[in-house]
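Letters A, B, ... mirror the listed sequences (proteins, then strands); counts begin at 1.
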Protein chains: 2
Amino acid sequence: MRDKEATKAKLLDAALEEFSQYGIAGARVDRIAATAGCNKAMIYAYFGSKEGLFDELLKIQVDRMIREVPITPEDLPGYAGRLFEAYLVRPQLLRLVAYHRLENGFSEIPKAEAEAYKHKIEAVAKAQMEGRISAAFNATNLLDLVVHMSILAFSTPNATRELVERSVRRLIAE
Amino acid sequence: MRDKEATKAKLLDAALEEFSQYGIAGARVDRIAATAGCNKAMIYAYFGSKEGLFDELLKIQVDRMIREVPITPEDLPGYAGRLFEAYLVRPQLLRLVAYHRLENGFSEIPKAEAEAYKHKIEAVAKAQMEGRISAAFNATNLLDLVVHMSILAFSTPNATRELVERSVRRLIAE
DNA sequence: CTGTAGTAACTAACTGTTTGGTTGCTAGAG
DNA sequence: CTCTAGCAACCAAACAGTTAGTTACTACAG
């Protein structure tokens with residue numbers, strides 16, 4: 001039962017639930033510790049502060065999403081659909097990012113995410129340059145639109161993967 | 001200086017700033033009272049509780065938005081553009097709604113908003129039935145998509161009104 | 001005088017964070 | 001192998017500050 005990494009993992013699991021449900025301001029450190037089944041002093045030993053815990057949690061989740069849903073510049077509808085599906089299966093990340101954005105704005109986006117986004121824009125731009133996909137929008141706008149469509153579930157409970165994919169297909173139609 | 005309505009208005013103004021910036025959980029009652037330049041007890045006299053204040057505020061803001069940006073079923077790109085512009089000029093409402101949705105989900109949507117949304121869906125459906133606009137999506141999905149595009153600024157700082165309008169035009173292209 | 005808008009002072013509960021001490025594992029002396 | 005010193009992991013309790021909400025009172029308009 002005395003396992004640093006296991007304890008950190010349990011805290012991160014509990015934090016994902018808590019932060020995604022209540023936001024950063026609404027999250028309670030006591031509740032996270034209780035859910036994780038360990039003492040809240042551990043949070044301060046391993047993550048420094050409530051915000052430190054959130055930051056590390058967000059980084060891990062974003063990294064995971066970037067890894068699990070790679071971009072396919074030649075199939076943007078599919079990419080949007082897969083992103084949408086990932087958010088549907090584990091809605092916590094979408095909520096985590098939404099809370100983070102509301103509380104910190106665009107300026108404080110995690111480095112890993114910003115970096116990955118830059119690469120994605122370049123990949124889209126390359127595909128456009130080579131004429132493999134629509135150039136109706138510039139690469140930045142196009143990727144912004146595709147990603148925005150993937151979070152359709154944030155706007156309506158009627159969102160489906162098929163609707164997302166169909167929408168993106170129309171956006172990039174020649 | 002002894003004016004109930006003026007005091008309520010000042011509190012609501014201050015509450016709009018506070019809630020849109022910090023969310024419901026993050027908002028501080030003391031700060032709202034200080035910003036409004038009146039006593040904290042007034043919040044409880046006029047709105048019952050912090051949540052009561054938020055609810056009334058949200059209702060007022062939503063009503064105002066519904067009044068100021070009426071739907072134009074035969075010009076959905078324009079409608080999305082006007083909505084986008086309204087959110088750009090006063091970003092507080094978008095943030096208010098986002099926080100409310102994160103904390104309460106879709107089920108607790110204010111009655112006025114739900115009612116107005118139903119009427120809009122019917123208006124869109126009518127326009128589709130009469131062949132005045134695209135029937136590529138059913139009315140509910142179509143309106144959901146249009147509204148979703150209008151909050152593009154939530155996803156990216158690169159959003160512009162022109163981008164929103166162009167996107168909707170593509171979504172409803174025959 | 002009467003009723004209501006407004007206030008300062010207050011409280012009980014809760015917040016993130018720290019502290020002082022305990023527990024259980026393990027390396028190394030005997 | 002046995003014992004124990006050292007240490008990292010862990011915890012209960014307490015800390016100081018903050019929170020939403022209340023109350024007893026004052027002052028002013030009609």
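Per the geometry, CZ belonging to B/Phe54 stands 14 Å off P belonging to D/dA20, to the nearest Å. B/Arg31 places its CZ atom 11 Å from the C1' atom of D/dT18, with the value rounded to the nearest Å. Distance A/Ile43 CD1 to D/dC11 P: 12 Å, rounded to the nearest Å. In this entry the distance linking NZ of B/Lys8 with P of C/dT4 reads 15 Å, nearest Å. Nucleotide C/dC25 holds its P atom 18 Å from the NZ atom of A/Lys4, rounded to whole Å.
A side chain to side chain contact (heavy atoms under 4.5 Å, CB included) with B/Leu142 is found for one member of B/Leu171, B/Val124, B/Val147 and no other, namely B/Val124.
Neither OP1 nor OP2 of C/dA5 sits under 4.0 Å from any side-chain N or O of B/Asn39. At the phosphate of C/dT15, OP1 or OP2 sits under 4.0 Å from a side-chain N or O atom of A/Arg28. A sub-4.0 Å separation between OP1 or OP2 of D/dC10 and a side-chain N or O of A/Tyr46 is present. Of the side-chain N and O atoms in A/Tyr44, one or more sit less than 4.0 angstrom from OP1 or OP2 of C/dT17. Within the structure, a side-chain polar atom (N or O) of A/Thr7 is placed less than 4.0 Å from OP1 or OP2 of D/dC10.
With distances taken from any side-chain atom of A/Lys50 to the nucleotides D/dC11, D/dT22, C/dG16, the minimum falls on C/dG16. Set against C/dT7, D/dA12, D/dA20, the side chain of B/Val29 has D/dA20 as its closest nucleotide. Each of D/dA20, D/dC11, D/dG21 was ranked by its minimum atom distance to the side chain of B/Asp30; first place goes to D/dA20. Listed nucleotides C/dG16, C/dG6, C/dT17 differ in distance to B/Met42; the shortest reach to its side chain belongs to C/dG6.
Of all heavy-atom pairs spanning B/Phe106 and A/Ser155, the tightest one is CE2-O, 3.5 Å. Considering every non-hydrogen atom in both B/Cys38 and B/Thr7, the closest pair reads SG-CG2, 4.0 Å. When all heavy atoms of A/Asp144 and A/Tyr117 are compared, the pair lying nearest together is OD1-OH, 2.6 Å.
The stretch residues 31-58 of chain B participates, sequence neighbours left out, in these ring-ring contact (aromatic ring centres under 6.0 Å, His included) pairs: B/Phe19-B/Phe54, B/Phe54-B/His100. Sorted by first then second residue, the salt bridge (charged side-chain N to carboxylate O under 4.0 Å, His left out) pairs that include residues 75-104 of chain A, not counting sequence neighbours, are A/Asp75-A/Arg82, A/Glu85-A/Arg161, A/Arg101-A/Glu113.
Of the two residues near DNA chain C, A/Ala41 and A/Ile24, the one whose nearest nucleotide lies more 5' is A/Ile24.
Counting non-hydrogen atoms under 4.0 angstrom, A/Ala27 reaches the backbone sugars and phosphates but no base.
In terms of polar N and O atoms assigned as donor or acceptor, the side chain of B/Lys40 comes within less than 3.5 Å of the base of D/dG21 in a complementary pairing. Residue-to-nucleotide contacts include no donor-acceptor pair under 3.5 Å from the side chain of B/Asp3 to the base of C/dA5.
The pair B/Arg67-B/Asp63 fails the salt-bridge criterion, with no side-chain N (NZ, NE, NH1 or NH2) lying under 4.0 Å from an Asp/Glu carboxylate O. Ionic pairing of B/Lys118 and B/Glu122 is not present here: no N-O contact between side-chain nitrogen and carboxylate oxygen is shorter than 4.0 angstrom.
Taking five base pairs at each end of the helix from C/dC1-D/dG30 to C/dG30-D/dC1 and finding the rotation axis that steps the C1' atoms of four pairs onto the next four gives two axes whose angle is 10°, to the nearest 10°.
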